[in-house]
J.: 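For reference, the structure I am asking about is given below.
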Amino acid sequence: MSENKFIKNPNPDIVKKYFNFYMQKIFPHVEQYATQNPNGCHALDKHTSAVVFRGIDYALSLNENPLPVVFAGAFHDMARTHDGFDCEHGKNAVPYAKKIMKLFPDVLDFNQQSNIIYAIENHTTGTNAMDYVSKCLWDADRTRLSWIYGFESKFFNTERAKYVASHPHENYIKFQQKCFPKLFWSYEY
C-alpha cells in the first residue's frame, strides 16, 4: 500500500444502518451480561461501540456482510472483569455470545456463528485471522492501540485498517462524529 494512497471512508448511511442495529437490537442484550467496568477503557458504551463502528467500516471495505462483525465486536470484551491484561476474557464471553445469538436465528447462519465464536475467542492472542470476521474484529480492536502506542503493520489484516491505524486519529474521529454526533468518540477507545 502506498503511504500517500487515500482509502475512502464508507458511505455514512450504510454505517449508520448497521450501527443502529447494534445499538437497538444487540446492545441491550450484551449490556445484560457484560461485566466490563462502565468507567474503564474497555467500557461497553465507549470501547465496544468504537470497535463495532470500526468493524463495520472494515467489513464494508472488504465488500463483506458487516452483521457478523457487528456481533463479534459486541461480544469481544463483554466478559472482561478489569482493564488489565486478560487473555481469557474472549473465551469467557463465548457462553454469553451463544445465548444472545440464539435470539437472532434469522440473522446469523451456523458458519457465521462459528466465525464469530472463533473471532472473539482469539481476538487478544490471535495472529492468523482465518476469516473476514476475525480480520475485521481484530483490526477494529487493535486500531486504538496503534493510535496510542504507534502503528505496526504486522498486527493488521485489512488495507482499510492499516490506513486508519497509521493516520492521525483526529481524521477518523471526525468521520465517527459525522455519522453519530451525539456519541462520545475518542482515540482512547
J.: Pick out which of Y172, W138, Y58 makes a side-chain hydrogen bond (donor to acceptor under 3.5 Å, both in side chains) with T143.
T.: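 So the option named by the test is Y58.
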
J.: May I have the list of side-chain donor-acceptor pairs in residues 178-186 shorter than 3.5 Å, sequence neighbours left out?
T.:
from: W185; atom 1: NE1; to: Q176; atom 2: O; distance (Å): 3.4
from: W185; atom 1: NE1; to: F180; atom 2: O; distance (Å): 3.1
from: S186; atom 1: OG; to: E188; atom 2: N; distance (Å): 3.1
from: S186; atom 1: OG; to: E188; atom 2: OE1; distance (Å): 3.4

J.: Taking C-beta and beyond as the side chain, do I56 and V69 meet within less than 4.5 Å on heavy atoms?
T.: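 Contact flag for I56/V69 side chains = no.
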
J.: To check you understand the geometry: which heavy-atom pair defines the closest contact between A97 and I117, and what is its length?
T.: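 Result for this residue pair: CB-CD1, 4.2 Å.
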
J.: For a quick test of reading the model, state the closest non-hydrogen atom pair linking A129 to N157 and the distance between them.
T.: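 Heavy-atom minimum between the residues: CB-OD1, 3.6 Å.
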
J.: Would a distance-only check, ignoring hydrogens and angles, find a side-chain to backbone donor-acceptor pair under 3.5 Å from Y22 to F53?
T.: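 No.
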
J.: Would M130 end up clustered with V133 when hydrophobic side chains under 4.5 Å apart are linked, directly or stepwise?
T.: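 The answer is yes; both residues are in one hydrophobic cluster.
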
J.: Looking at A59 and P66, what are the two nearest heavy atoms and their distance?
T.: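 Scanning both residues completely, I find the closest heavy atoms to be CB-CA, 3.8 Å.
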
J.: Give a yes or no on whether the backbone of D131 and the side-chain of S134 come within a donor-acceptor separation of less than 3.5 Å.
T.: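 Side chain of S134 to backbone of D131: no pair is present.
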
J.: Is any side-chain heavy atom of P68 closer than 4.5 Å to one of I116?
T.: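 Side chain of I116 against side chain of P68, heavy atoms only: contact under 4.5 Å found.
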
J.: Roughly how far, to the nearest 0.5 Å, is CG of L60 from CG of N9?
T.: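 One gets 11.5 Å once the value is rounded to the nearest 0.5 Å.
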
J.: Kindly indicate whether the side chain of Q112, heavy atoms from C-beta on, has any atom under 4.5 Å from the side chain of N65.
T.: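 Side-chain contact under 4.5 Å: yes.
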
J.: For the atom pair CZ (F110) and CE (M101), what is the distance rounded to the nearest 0.5 Å?
T.: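 Atom-to-atom, F110:CZ and M101:CE are 10.0 Å apart.
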
J.: Do F71 and M78 share a hydrophobic cluster, counting only Ile, Leu, Val, Met, Phe, Trp and Tyr and linking them when any side-chain heavy atoms are less than 4.5 Å apart?
T.: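 In one cluster with F71: M78, yes.
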
J.: Hey, what do you get for CD1 (I100) to CZ (F75), rounding to the nearest 0.5 Å?
T.: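 The CZ atom of F75 is 4.5 Å from CD1 of I100, to the nearest 0.5 Å.
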
J.: Can you get from Y132 to F155 by hopping between Ile, Leu, Val, Met, Phe, Trp and Tyr side chains that sit under 4.5 Å apart?
T.: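 They do not share one cluster, since no chain of ILVMFWY contacts under 4.5 Å joins Y132 to F155.
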
J.: Cluster question for you: counting only ILVMFWY and a side-chain heavy-atom cut-off of under 4.5 Å, with indirect links fine, are V51 and Y149 together?
T.: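 The answer is yes; both residues are in one hydrophobic cluster.
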
J.: Should L67 and F19 be regarded as members of a common hydrophobic cluster, given that ILVMFWY residues are connected when their side-chain heavy atoms come within less than 4.5 Å of each other, either directly or indirectly?
T.: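 L67 and F19: one cluster.
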
J.: Taking T158's backbone N and O only, do any of them form a donor-acceptor pair with D139's side chain (distance below 3.5 Å, no angle check)?
T.: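 Pair found, side chain donor or acceptor close to backbone of T158.
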
J.: When the ring centroid of Y33 is compared with that of H29, is the distance short of 6.0 Å?
T.: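 No.
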
J.: Does a side-chain heavy-atom distance below 4.5 Å link F175 with P12?
T.: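 F175 reaches P12 side chain to side chain.
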
J.: Check A119 against A72 and note the closest heavy-atom contact, atom names and distance.
T.: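 A119 and A72 have their closest heavy atoms at CB-CB, 4.4 Å.
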
J.: Search all heavy atoms of H76 against all heavy atoms of H123 and return the closest pair with its distance.
T.: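 Heavy atoms of H76 and H123 come nearest at O-CE1, 2.9 Å.
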
J.: Only counting residues at least two apart or in another chain, list the ones meeting salt bridge (charged side-chain N to carboxylate O under 4.0 Å, His left out) with D57.
T.: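 In terms of salt bridge (charged side-chain N to carboxylate O under 4.0 Å, His left out), with neighbours along the sequence ignored, D57 is linked to R160.
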
J.: Quick check: are there more than 12 heavy atoms from other residues, nucleotides or ligands sitting under 6.0 Å from NZ of K99?
T.: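 Counting neighbours around NZ of K99, 12 or fewer heavy atoms of other residues, nucleotides or ligands fall under 6.0 Å, so no.
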
J.: Check the surroundings of atom OH in Y96: do more than 12 heavy atoms from other residues, nucleotides or ligands lie under 6.0 Å from it?
T.: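 Incorrect, the count does not exceed 12.
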
J.: Check for a donor-acceptor pair, side chain of D141 on one end and backbone N or O of L137 on the other, with a separation under 3.5 Å.
T.: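 Side chain of D141 to backbone of L137: no pair is present.
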
J.: Salt-bridged, R80 to D77, with N to O below 4.0 Å?
T.: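 Yes, R80 and D77 are salt-bridged.
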
J.: Of the non-hydrogen atoms in P10 and V15, which two are nearest, and what is the gap between them?
T.: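 Closest pair (atom of P10, atom of V15, distance): CG-CG2, 3.6 Å.
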
J.: Evaluate the side-chain contact (heavy atoms from CB on, under 4.5 Å) criterion for residues F104 and K25: first the C-alpha distance (whole Å), next the side-chain angles of each, then the deciding distance (0.1 Å), finally the verdict.
T.: CA-CA 9 Å; F104 297 90; K25 304 289 186 185; 4.0 Å; yes

J.: Do any N or O atoms from the side chain of H167 and from the backbone of V164 form a donor-acceptor pair under 3.5 angstrom?
T.: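 It does not hold such a pair.
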
J.: For the atom pair OG (S146) and NZ (K162), what is the distance rounded to the nearest 0.5 Å?
T.: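 Output value for this atom pair is 11.5 Å.
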
J.: With a 6.0 Å cut-off on ring centres, are Y189 and H47 close enough?
T.: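 Y189 vs H47: aromatic centres not under 6.0 Å.
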
J.: Return the CZ to CH2 distance between R142 and W147, rounded to the nearest 0.5 Å.
T.: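 It is 15.5 Å, given to the nearest 0.5 Å.
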
J.: To the nearest 0.5 Å, tell me how far I26 CD1 sits from F21 CZ.
T.: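 CZ of F21 is found 5.0 Å from CD1 of I26.
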
